[in-house]
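This chain uses plain numbering: 1 for the first residue, then up along the sequence.
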Amino acid sequence: MLMQLTDIAVLEHANTLLSNNHSFWLCTITNTYGSAPRPIGSLFITDGVQRFGSISGGCLEDAFVDMLNDDYFNKCNQVFVYGEHGQQAASYAELPCGGRIQLLIEYIDANQIERDYFQQWLDLAHDQRPYQRTVHLDSQSRQLCAIDSNAPPLHSIEQIGDEIKLHYQEIFQLLLIGIGLVSEQIARLGLLSGFDVKVCDMRKELSNTWQFDKKHGGVDITWMSPDDFVSQYTTSNSAVLALAHDPRLDDVALMTVFESKAFYIGAMGSVRTTEKRLERLKRICGFNDQQLSRLNAPIGLHIGSKTPVEIAIATMADIIRVRHGVSKQEL
C-alpha cells in the first residue's frame with residue numbers, strides 16, 4: 001500500500017488536532033468491492049465538525065458524521081463495510097456507483113500516547129521509508145514499526161484474528177530534469193496527484209524563471225548534475241522525465257536512468273528530436289533497442305497537446321496509466 005502525499009497532509013491535521021486536545025475518529029479504507037472512488041489506504045479524520053481527507057469524495061463522509069451523531073460506533077477499533085450497513089441499521093447514504101467500501105475505524109483520544117504515535121507515523125511517512133501499522137480490533141491498541149526496505153514485498157493489508165496489519169511502501173515520486181513552463185505544470189499536477197516531486201537543473205542563470213518554489217506551494221530546485229540527481233534519488237517508484245530541451249542535461253540524465261529501476265522514463269521533444277536522441281544514446285552509450293524501449297518519447301499520451309498545461313496533462317495521464325498497469329490498448 002502506498003501512502004500518498006495527500007494522506008501525509010491528513011496526518012499533519014491529525015497532529016494539529018491532538019496538539020489542541022481535540023479527539024477524533026480515523027477511517028482507513030482497507031478494501032473496496034465493485035466501483036469505489038478512493039483507493040485502499042486512503043485516510044479520513046473528523047471530530048464531528050472538522051474534516052480532513054476522504055473516503056468517497058463527499059457522500060460517505062456526510063453519512064459517517066451522521067452516524068457519529070447517532071452514536072452508531074463505540075470507541076474501539078472496528079471494521080465497518082459501507083454497502084452492508086443497510087441491513088444493520090437505519091438507512092444512511094450509499095455509494096452512488098453501487099460499490100462497497102470496507103473501513104478500519106479508530107477513535108483517537110487526545111492524550112500523550114496518541115500524540116507520540118501520530119508524530120512517529122508522520123515522521124515515518126516524511127522519511128519515505130516502508131513501515132507497518134498494526135491495529136488490534138475491539139480495543140484502542142495500535143503500534144508502528146519501520147520495515148526493512150530490502151525485505152520481500154508484503155500484502156498491503158493482512159488480518160489475522162483480531163489483528164490488522166497495514167503495510168506502507170515508499171511514496172511514488174516524479175524526478176524532473178530541467179526547469180521550464182512544462183516542468184512547472186507537471187510539478188503542479190504531480191503534487192495534486194500525491195507524488196513527491198523533485199526538480200533538477202544546473203543552469204543557475206535561469207533560477208529567476210522558476211516561480212513555483214516551496215514558498216509558493218511548490219518545489220525548490222535541486223542544483224546539481226542530472227546524472228548525480230538520477231543516481232541519488234531514483235527508485236522503483238520513480239518516474240524520471242527529461243524536460244530541459246537541452247541534450248547537455250536531458251541526455252546526461254537518460255544515460256544514467258536506463259541503469260535504474262524507474263517505473264517510467266520519459267523525454268519531451270518532437271518525433272524528429274526523439275529519433276536523434278535515440279541515435280545518440282545508441283552511438284555514445286551502446287544502448288540496444290530493448291533498453292531504449294523503456295523510453296516514452298515523445299512524452300505523454302497522444303491527445304494533440306500543444307500548450308504546457310496540455311502537455312503536462314498528457315504526461316501525468318501516461319504516468320498514472322503505467323503506474324496502475326493499464327496498457328495503451330485498454331484506453
Side-chain angles (χ1 to χ4, degrees), residues 170-187 189-190 193 195-203 219 222 224-331:
E170 297 176 30
I171 296 171
F172 279 105
Q173 62 175 346
L174 294 180
L175 302 181
L176 311 184
I177 310 300
I179 60 178
L181 294 176
V182 172
S183 301
E184 177 182 334
Q185 297 304 325
I186 291 177
L189 290 179
S193 301
F195 286 78
D196 177 35
V197 180
K198 292 180 173 62
V199 183
C200 168
D201 210 310
M202 52 191 300
R203 301 167 295 178
V219 182
T222 300
M224 65 189 301
S225 173
D227 54 339
D228 291 338
F229 177 75
V230 169
S231 296
Q232 181 172 337
Y233 293 111
T234 304
T235 71
S236 59
N237 289 329
S238 301
V240 181
L241 311 181
L243 306 171
H245 252 322
D246 183 339
R248 294 173 299 175
L249 276 74
D250 290 339
D251 285 11
V252 168
L254 293 173
M255 288 174 185
T256 305
V257 76
F258 285 111
E259 300 173 359
S260 76
K261 295 181 179 179
F263 79 91
Y264 188 97
I265 303 171
M268 187 169 62
S270 65
V271 172
R272 184 175 180 182
T273 297
T274 299
E275 290 172 348
K276 291 182 177 179
R277 175 180 287 120
L278 292 174
E279 187 278 326
R280 287 195 303 271
L281 292 172
K282 281 185 178 181
R283 173 169 45 84
I284 298 173
C285 302
F287 290 129
N288 57 40
D289 289 338
Q290 182 178 357
Q291 290 171 304
L292 294 175
S293 67
R294 296 179 63 195
L295 180 64
N296 294 275
I299 201 169
L301 295 179
H302 182 52
I303 57 174
S305 51
K306 301 293 183 183
T307 68
V309 173
E310 291 175 344
I311 294 170
I313 291 171
T315 300
M316 285 305 304
D318 201 36
I319 292 170
I320 293 169
R321 173 189 67 80
V322 173
R323 171 181 163 180
H324 291 298
V326 178
S327 69
K328 288 187 176 179
Q329 290 71 31
E330 294 178 84
L331 298 178

Check: Atom OG in Ser270, atom CD in Glu275: separation rounded to 0.5 Å?
Finding: 8.0 Å
Notebook entry, point to check: What closest approach, in Å, do Ile313 and Leu189 show between heavy atoms, and which atom pair accounts for it?
Noted result: N-CD1, 3.7 Å
Note to self: Can you tell me if Leu181 has over 12 outside heavy atoms packed within less than 6.0 Å of its CG?
What the structure shows: no
Check: Any idea which heavy atoms bring Arg248 and Val252 closest together, and the distance?
Finding: O-CG2, 3.1 Å
Checklist line | Residues Ile319, Met316; criterion side-chain contact (heavy atoms from CB on, under 4.5 Å); working and verdict | finding: CA-CA 5 Å; Ile319 292 170; Met316 285 305 304; 4.2 Å; yes
Notebook entry, point to check: What are the two closest non-hydrogen atoms of Cys285 and Met255, and how far apart are they?
Noted result: SG-CG, 3.2 Å
Check: Hey, what do you get for CD1 (Ile179) to CG (Asp201), rounding to the nearest 0.5 Å?
Finding: 4.5 Å
Margin query: I'd like to check the side-chain hydrogen bond (donor to acceptor under 3.5 Å, both in side chains) partners of Ser293; sequence neighbours left out, ordered by chain and number.
Written below: none
Margin query: Restricting to non-hydrogen atoms, name the atom on Pro298 and the atom on Gly269 that form the minimum distance, rounded to 0.1 Å.
Written below: CB-O, 3.2 Å
Margin query: Does anything in residues 309-331 form a ring-ring contact (aromatic ring centres under 6.0 Å, His included)? List the pairs, not counting sequence neighbours.
Written below: none
Notebook entry, point to check: What are the two closest non-hydrogen atoms of Ser193 and Arg323, and how far apart are they?
Noted result: O-NH1, 4.4 Å
Checklist line | Pairwise distance CG(Asp289) to NZ(Lys282) - rounded to 0.5 angstrom | finding: 3.5 Å
Check: Given side chains that start at C-beta, do those of Met224 and Cys200 come closer than 4.5 Å, heavy atoms only?
Finding: yes
Next item on the list: Mark yes or no for whether Gln185, through its side chain, and Val182, through its backbone, hold a donor-acceptor pair below 3.5 Å.
Entry: no
Next item on the list: Kindly indicate, with the supporting measurements, whether the criterion side-chain contact (heavy atoms from CB on, under 4.5 Å) is fulfilled by Asp251 and Arg277.
Entry: CA-CA 8 Å; Asp251 285 11; Arg277 175 180 287 120; 3.7 Å; yes
Note to self: Once rounded to the nearest 0.5 Å, what's the spacing between atom CD1 of Ile186 and atom CG of Leu243?
What the structure shows: 4.5 Å
Next item on the list: Taking all heavy atoms of Met202 and all of Pro226, pick out the closest pair and write down the distance.
Entry: SD-CD, 3.5 Å
Check: Are any non-hydrogen side-chain atoms of Leu175 and Val230 less than 4.5 angstrom apart?
Finding: no
Next item on the list: Check the pair Asp250 / Ile177 against side-chain contact (heavy atoms from CB on, under 4.5 Å), numbers first and verdict last.
Entry: CA-CA 7 Å; Asp250 290 339; Ile177 310 300; 4.2 Å; yes
Next item on the list: Output every pair passing ring-ring contact (aromatic ring centres under 6.0 Å, His included) with a member in residues 284-320, not counting sequence neighbours, ordered by first then second residue.
Entry: Phe258-Phe287
Note to self: My understanding is that only residues two or more places apart in sequence, or in another chain, count here; which of them pass side chain to side chain contact (heavy atoms under 4.5 Å, CB included) with Ala262?
What the structure shows: Thr234, Val240, Val257, Ser260, Ile265, Arg294
Note to self: Within the supplied structure, the quantity of interest is the number of heavy atoms (other residues, nucleotides, ligands) at a distance under 6.0 Å from Arg272 CZ; does it exceed 12?
What the structure shows: no
Check: Do the side chains of Val219 and Leu176 get nearer than 4.5 Å, heavy atoms only?
Finding: no
Item checked: Heavy-atom side-chain contact between Ile171 and Asn237 under 4.5 Å -> no
Item checked: Sequence-distant partners of Asp227, side-chain hydrogen bond (donor to acceptor under 3.5 Å, both in side chains), two or more places apart -> Ser225
Margin query: Within the 4.5 Å heavy-atom criterion, are Ile299 and Asp318 side-chain neighbours or not?
Written below: no
Next item on the list: Drop me the distance from Thr274's OG1 to Met268's CE, to the nearest 0.5 angstrom.
Entry: 10.5 Å
Margin query: For Gln290, is the CD atom crowded, meaning more than 12 foreign heavy atoms sit under 6.0 Å from it?
Written below: no
Next item on the list: Tell me, please, which residues at least two apart from Glu184 pass side-chain hydrogen bond (donor to acceptor under 3.5 Å, both in side chains).
Entry: Arg188
Next item on the list: Starting at CG of Asn288, measure out to CD of Gln291 and round the result to the nearest 0.5 Å.
Entry: 4.0 Å
Item checked: Parallel, tilted or perpendicular: rings of Phe195 and Phe172 (30°, 60°) -> tilted
Next item on the list: Given side-chain contact (heavy atoms from CB on, under 4.5 Å), test Gln232 with Thr222 step by step and report yes or no.
Entry: CA-CA 12 Å; Gln232 181 172 337; Thr222 300; over 6 Å; no
